[in-house]
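Written out below as structure tokens is the structure these notes cover.
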Amino acid sequence: GALFGEAFISSFMTDAAGRLSDARTKEDHKAGLAVAVGYALRQAPAMGRLKQGAMLLCSLATGPSSHVAEWSVHALKGVCETYAADFRPFVGGCLGAASNFILATPSPSVRGAQAIARLSVAMLAALTAVREVPAGSKAATTITAMVGRCQVLLSAACGIGAPPLDAHGAGMVPALQSEVLLFERQLLVAPPQLLPVAI
């Protein structure tokens with residue numbers, strides 16, 4: 001967009017995709033490129049570019065490097081917030097990528113869990129941004145299932161962020177508590193036909 005220009009961003013996205021697929025690129029460089037891809041997508045919203053960028057970031061989030069995956073999840077969260085309802089077609093891919101990241105061995109760090117929690121809140125907002133989805137429709141059923149998966153992801157992230165049972169002090173880390181509250185607030189304003197019965 002206005003800051004870089006379309007030609008620059010298109011060239012950058014092509015170059016970044018090449019560098020990210022190159023096995024010789026160092027992890028820190030890949031993590032930085034993931035953040036930069038997310039920033040570029042937020043600066044110049046375009047649906048064609050969004051598909052390319054979302055797929056690229058999701059593939060990084062499922063890669064072997066937890067460091068790169070964590071920053072890819074951070075980038076996806078920012079992109080999801082920027083595109084809002086337009087991001088809905090890509091939520092399924094994000095749910096899969098985030099699930100792979102949180103189930104990886106070894107488990108993500110608490111910081112990684114916070115990234116998952118933030119992405120869960122952003123995906124919930126994107127899924128429930130359009131209120132005119134008819135109750136009982138195929139679209140409503142699909143969205144309802146994804147909302148439930150967002151809640152499962154958030155719960156898993158909170159499990160990572162909770163202290164061991166024998167630890168002194170109660171509850172999860174404050175940053176995760178904040179995301180839980182944001183998630184619950186989003187549920188309160190969401191169209192009821194898009195929410196699972198159990199919520």
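By convention here, the first residue in the shown sequence is residue 1. On a predicted model such as this, the values are computed, not experimentally measured, just so you know.
Residues satisfying the ring pair (Phe, Tyr, Trp, His ring centres under 6.0 Å) test with Phe87, not counting sequence neighbours, are Phe90. Listed by chain and number, the residues in a side chain to side chain contact (heavy atoms under 4.5 Å, CB included) with Ala85 are Ala129, Val130 (sequence neighbours excluded). Residues satisfying the salt bridge (charged side-chain N to carboxylate O under 4.0 Å, His left out) criterion with Lys77, sequence neighbours excluded, are Glu81. For Arg185, there are no salt bridge (charged side-chain N to carboxylate O under 4.0 Å, His left out) partners, not counting sequence neighbours. Among residues two or more places apart in sequence or in another chain, the side-chain hydrogen bond (donor to acceptor under 3.5 Å, both in side chains) test is passed with Asn100 by none. In terms of the side-chain hydrogen bond (donor to acceptor under 3.5 Å, both in side chains) criterion, residue partners of His67 (sequence neighbours excluded) are, by chain and number, Asp28. Applying the side-chain hydrogen bond (donor to acceptor under 3.5 Å, both in side chains) criterion to Ser65, with sequence neighbours excluded, gives Glu27. Every residue two or more places apart in sequence or in another chain was checked for a side chain to side chain contact (heavy atoms under 4.5 Å, CB included) with Pro89, and none qualifies. Taking the salt bridge (charged side-chain N to carboxylate O under 4.0 Å, His left out) definition, one finds that Asp15 meets it with Arg19, sequence neighbours left out.
Follow the hydrophobic side-chain contacts under 4.5 Å out from Tyr39 and you never reach Met55; the two are in separate clusters. Using a 4.5 Å cut-off between side-chain heavy atoms of Ile, Leu, Val, Met, Phe, Trp and Tyr, with links allowed through other members, Leu103 and Val68 fall into the same hydrophobic cluster.
Considering every non-hydrogen atom in both Ala40 and Met13, the closest pair reads CB-SD, 4.4 Å. Scanning all heavy atoms of the two residues, the minimum distance from Ala61 to Ala69 falls at O-CB, 3.5 Å. The nearest pair of heavy atoms linking Val147 to Leu127 is N-CD1, 3.9 Å. Residues Val37 and Ala16 share a closest heavy-atom pair of CG2-CB, 3.8 Å. The two residues Leu56 and Ala17 come nearest to each other via the heavy atoms CD2-CA, 4.1 Å.
The only member of Val180, Leu153, Leu95, Val152 that meets side chain to side chain contact (heavy atoms under 4.5 Å, CB included) when paired with Ser120 is Leu153. Checked options Glu184, Gln177, Glu179; the residue passing with Leu181 is Glu184 (criterion: side chain to side chain contact (heavy atoms under 4.5 Å, CB included)).
Taking Ile, Leu, Val, Met, Phe, Trp and Tyr as hydrophobic and joining them when side-chain heavy atoms fall under 4.5 Å apart, one finds Trp71 in a cluster with Val35.
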Would Ser10 and Thr14 count as a side chain to side chain contact (heavy atoms under 4.5 Å, CB included) here? Give the steps. CA-CA 6 Å; Ser10 294; Thr14 301; 5.6 Å; no

Do Cys80 and Cys94 pass the side chain to side chain contact (heavy atoms under 4.5 Å, CB included) test, and can you show the C-alpha distance, the side-chain angles, and the key distance before you say yes or no? CA-CA 10 Å; Cys80 183; Cys94 284; over 6 Å; no

Does the pair Ile143 and Arg88 meet the rule for a side chain to side chain contact (heavy atoms under 4.5 Å, CB included), with working shown? CA-CA 9 Å; Ile143 291 172; Arg88 283 197 307 179; 2.9 Å; yes

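When atom types are taken as modelled, the side chain of Thr62 and the backbone of Ser59 share a donor-acceptor pair closer than 3.5 angstrom. Side chain of Tyr83 to main chain of Gly78: no donor-acceptor pair is present (N/O by atom type, distance under 3.5 Å, no hydrogens or angles).
Rounded to the nearest 0.5 angstrom, Leu119 CG and Leu76 CG are separated by 6.0 Å. Atom CG of Leu176 sits about 8.0 Å away from atom CZ of Arg118, to the nearest 0.5 Å. From Thr128, atom OG1 reaches atom CD of Gln193 across 10.0 Å, with rounding to the nearest 0.5 Å. From Cys158, atom SG reaches atom CZ of Phe183 across 10.0 Å, with rounding to the nearest 0.5 Å. In this structure, Leu60 CG and Leu33 CG are separated by 9.0 Å, a value rounded to the nearest 0.5 Å. Taken to the nearest 0.5 Å, the CG atom of Leu124 stands 5.0 Å off from the CD atom of Gln186.
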When the side chains of residues 105-117 are checked against the rest of the protein, which donor-acceptor pairs come out under 3.5 Å, sequence neighbours left out?
{"from": "Ser109", "atom 1": "OG", "to": "Arg111", "atom 2": "N", "distance (Å)": "3.4"}
{"from": "Ser109", "atom 1": "OG", "to": "Gly112", "atom 2": "N", "distance (Å)": "3.1"}
{"from": "Arg111", "atom 1": "NE", "to": "Glu70", "atom 2": "OE2", "distance (Å)": "2.6"}

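Sorted by first and then second residue, the side-chain hydrogen bond (donor to acceptor under 3.5 Å, both in side chains) pairs with a member in residues 133-150 form an empty list; sequence neighbours excluded.
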